[in-house]
*Asks:* 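Here it is, the structure in full.
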Amino acid sequence: ALLANLPYILDGDAQTLQAEVINGDPHSALFGGTDGLEFIRLLLNSCTDFLKPNALVILEIASGQEKILRQEKFNNLEYVGSRNDYSGNVRFVLWHAEC
């Protein structure tokens, strides 16, 4: 399995973050481009190069990003579903490696 918490915050959302987040973490650990999915796409497009067959890929995302990712195709990955956080928001997406 591959479990990752990549940067997923939209670049334009910096002003909405709590001070301890924006001042406590490096910006490179927080921001993932215009839609927040830049690094997630990079990983999903290349991860089957190093995953074993039938591996599970689990990624943390921001609210609303699941709908974007579900519409995209990634090399040898099948979308499995999502999981909510304790507040009921979609927070994790899962793929199955078909390699």
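Heavy-atom basis, side chains included; hydrogens, waters and symmetry copies ignored.
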*Asks:* Partners of F39 by ring pair (Phe, Tyr, Trp, His ring centres under 6.0 Å), sequence neighbours excluded?
*Replies:* none

*Asks:* Listed by chain and number, what are the salt bridge (charged side-chain N to carboxylate O under 4.0 Å, His left out) partners of E98, not counting sequence neighbours?
*Replies:* none

*Asks:* Taking side chain to side chain contact (heavy atoms under 4.5 Å, CB included) as the definition, give me every residue that meets it alongside P53, ordered by chain and number, with sequence neighbours left out.
*Replies:*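 P53: no side chain to side chain contact (heavy atoms under 4.5 Å, CB included) contacts found.
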
*Asks:* Between F74 and L69, is any pair of side-chain heavy atoms under 4.5 Å apart?
*Replies:* yes

*Asks:* Apply the hydrophobic cluster definition, ILVMFWY joined by side-chain contacts under 4.5 Å directly or through others, and give me every member besides V80.
*Replies:* L3, L56, I58, F92, L94

*Asks:* Taking only residues two or more places apart in sequence, or in another chain, which ones meet Q18 in a side chain to side chain contact (heavy atoms under 4.5 Å, CB included)?
*Replies:*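 Only E20, V21 meet the side chain to side chain contact (heavy atoms under 4.5 Å, CB included) criterion with Q18.
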
*Asks:* Any pair with a residue in residues 50-65 that passes salt bridge (Lys or Arg N to Asp or Glu O under 4.0 Å), sequence neighbours left out, goes on the list, sorted by first then second residue, please.
*Replies:* none

*Asks:* For D25, enumerate each residue passing the salt bridge (charged side-chain N to carboxylate O under 4.0 Å, His left out) test, keeping only those at least two apart in sequence or located in another chain.
*Replies:*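 None.
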
*Asks:* Closest approach of S28 and P7, non-hydrogen atoms and distance?
*Replies:* O-CG, 3.2 Å

*Asks:* If you take all heavy atoms of A97 and L51, which pair is closest and at what distance?
*Replies:* CB-CD1, 4.1 Å

*Asks:* Quick one: CG on L30 to CG on D11, what's the gap to the nearest 0.5 Å?
*Replies:*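 With rounding to 0.5 Å, CG (L30) is 10.5 Å from CG (D11).
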
*Asks:* For R91, which residues count as a salt bridge (charged side-chain N to carboxylate O under 4.0 Å, His left out) partner, sequence neighbours excluded?
*Replies:* D85

*Asks:* Starting at CZ of F50, measure out to CG of L2 and round the result to the nearest 0.5 Å.
*Replies:* 5.5 Å

*Asks:* Look up atom CG in L17 and atom CD1 in I9, then write down how far apart they are to the nearest 0.5 Å.
*Replies:*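 Output value for this atom pair is 4.5 Å.
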
*Asks:* Suppose the criterion is salt bridge (Lys or Arg N to Asp or Glu O under 4.0 Å): which pairs have a residue in residues 73-82, not counting sequence neighbours?
*Replies:*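 Residue pairs with at least one partner in residues 73-82: there are none.
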
*Asks:* Just jot down the salt bridge (charged side-chain N to carboxylate O under 4.0 Å, His left out) partners of R70, sequence neighbours excluded, or say none.
*Replies:*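 Salt bridge (charged side-chain N to carboxylate O under 4.0 Å, His left out) check on R70 returns E66.
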
*Asks:* By the rule that ILVMFWY residues connect when side-chain heavy atoms come within less than 4.5 angstrom, directly or transitively, which residues belong alongside L10?
*Replies:* none

*Asks:* Give the table of side-chain donor-acceptor pairs shorter than 3.5 Å for residues 41-49, with sequence neighbours excluded, one pair per line with atom names and distance.
*Replies:*
unit_1, atom_1, unit_2, atom_2, d
R41, NE, E72, OE1, 2.8
R41, NE, E72, OE2, 3.2
R41, NH1, D35, OD1, 3.2
R41, NH1, D35, OD2, 3.1
R41, NH2, D35, OD2, 2.7
R41, NH2, E72, OE2, 2.8
N45, ND2, R41, O, 3.1
S46, OG, L42, O, 2.9
T48, OG1, N75, O, 3.3

